[in-house]
Every structure is written in structure tokens, then in C-alpha cells.
Amino acid sequence: MWNKLYQAAVKVQHGRVISPFIEAGGVAAAILTKKGNIYVGVCIDTASTLGMCAERNAIANMITHGESQIDKVVAVMPDGRVGSPCGACREYMMQLDKDSGDIEILLDLETLKTVRLRELIPDWWGQERFNK
């Protein structure tokens, strides 16, 4: 599945200049939902910092299609390596679902090394809201 997710992200990556103010596709992401669907997104970088990361773009695509539970995440960097989501994306994913800490994130495609989101954002501040 990791290779399938990686290839889905690479397929949309294509770094490109949209305008003198916006570039897109330097980073691409693919997410696998608990329902087994794959959603992709690319980063959108703007001169005014109003852009969005590839992971959040993929999540927006997922939410647009009526889903909100992620199983796996792959982010592909401009050089083709995979990388860990930024802090903002980690927080965004944690707020999606009470079980978001279980989201598996690929850290190395060659070795298939992964990490759970809860390991990247320990002692998350909002868990008790899900417990109400």
C-alpha cells in the first residue's frame, strides 16, 4: 500500500509556477482513509503565506468527499524522498477524529519505516474533548 500511496502522490506532484505569486506541487501527499479511499494534494505556496501544505490539501479533498478518518499518510518532498508532516498538519490531523493518534506516517520508503501520529505530537492538548 505504501508504494501505491507514494505513486499517487508523485503522479500529482509536478512542481509548477501558477503566477508570479503562487507556486504549487513542490511537495505532494496521499492519504488512505479508513474506508480504503486515496486522496491526494499538493502544496500551494503563496507570496502572502496564505497557501496550504500538501497534506492539508489532501485532507480537504477527503473532507469534500465526505470522509474524515485517515489510516495512512505519505508526503513526497521535491527530491522524491518522503518526509514527516509539519506541525500545523500534525495538529490538523489530530483534530479530525478521536483515533487520529493511530494515523500511520511513512518516514522512509526504502525501509518502510513508519511512525504513529501520536508519537509526533505526544501529550496532545485536545484529547479530552473527544472523551466528553
### Message
Determine whether a donor-acceptor pair (N or O, by modelled atom type, separation under 3.5 Å) exists between the side chain of Arg16 and the backbone of Gln13.
### Response
yes
### Side-chain heavy-atom pair Arg116, Ile103 within 4.5 angstrom cut-off
no
### Query
Are Val74 and Val27 connected in the hydrophobic side-chain network, where two residues link if heavy atoms are under 4.5 Å apart?
no
### Message
In the structure I gave you, are the side-chain heavy atoms of Ile70 and Leu32 within less than 4.5 Å of one another anywhere?
### Response
no
### Query
Going from CD on Glu110 to CZ on Arg81, what distance comes out if it is rounded to the nearest 0.5 angstrom?
12.0 Å
### Task
Taking the side chain as every heavy atom from C-beta outward, state whether Thr114 and Trp2 have any atom pair closer than 4.5 Å.
yes
### Message
Could you walk me through whether Glu67 and Asn37 satisfy the side-chain hydrogen bond (donor to acceptor under 3.5 Å, both in side chains) test, starting with their C-alpha distance in whole Å, then the side-chain angles of each, then the deciding distance to 0.1 Å, before giving a yes or no?
### Response
CA-CA 9 Å; Glu67 294 189 64; Asn37 295 309; 2.7 Å; yes
### Spacing of Cys89 atom SG and Ile59 atom CD1 [to the nearest 0.5 Å]
6.5 Å
### Task
Starting at CD of Glu55, measure out to SG of Cys86 and round the result to the nearest 0.5 Å.
6.0 Å
### Task
Evaluate the criterion side-chain contact (heavy atoms from CB on, under 4.5 Å) for residue pair Ile22 and Asp45; output intermediate values, then yes/no.
CA-CA 6 Å; Ile22 299 174; Asp45 296 311; over 6 Å; no
### Query
Please walk me through it: do Ile38 and Ile31 pass side-chain contact (heavy atoms from CB on, under 4.5 Å)?
CA-CA 6 Å; Ile38 296 174; Ile31 57 177; over 6 Å; no
### Message
Would you say Ile44 ends up clustered with Val12 if hydrophobic residues are merged whenever their side chains have heavy atoms under 4.5 Å apart, either directly or through other cluster members?
### Response
no
### Task
Give a yes or no answer on whether the side chain of Arg90 reaches the backbone of Pro85 with a donor-acceptor pair at less than 3.5 Å.
yes
### Query
Any donor-acceptor pair under 3.5 Å linking the side chain of Ser100 with the backbone of Met93?
yes
### Task
Calculate, to the nearest 0.5 Å, the distance between atoms CD1 and NZ belonging to Ile105 and Lys113 respectively.
12.5 Å
### Query
Is the number of heavy atoms from other residues, nucleotides or ligands under 6.0 Å of Asp79 CG greater than 12?
yes
### Task
Take Thr33 and Met62 through the test side-chain contact (heavy atoms from CB on, under 4.5 Å) and record every step on the way to the result.
CA-CA 8 Å; Thr33 66; Met62 172 190 71; 3.6 Å; yes
### Query
For the atom pair CD1 (Ile121) and CE (Met94), what is the distance rounded to the nearest 0.5 Å?
5.5 Å
### Query
Short question: side chain of Asn61, backbone of Tyr39 - any donor-acceptor pair under 3.5 Å?
no
### Message
Do Leu120 and Leu96 sit in one hydrophobic cluster, given that two such residues count as connected whenever their side-chain heavy atoms are within less than 4.5 Å of each other, even indirectly?
### Response
yes
### Query
Donor-acceptor pair, Glu91 side chain versus Ala88 backbone, under 3.5 Å?
no
### Message
Does Phe21, at its CZ atom, have more than 12 non-hydrogen atoms belonging to other residues, nucleotides or ligands within less than 6.0 Å?
### Response
no
### Message
Could you measure the distance from the CG atom of Leu109 to the OH atom of Tyr6? Nearest 0.5 Å is fine.
### Response
6.0 Å
#### Entry: Same cluster (ILVMFWY, side-chain, under 4.5 Å), Val10 and Leu106
yes
### Query
Should Val73 and Leu112 be regarded as members of a common hydrophobic cluster, given that ILVMFWY residues are connected when their side-chain heavy atoms come within less than 4.5 Å of each other, either directly or indirectly?
no
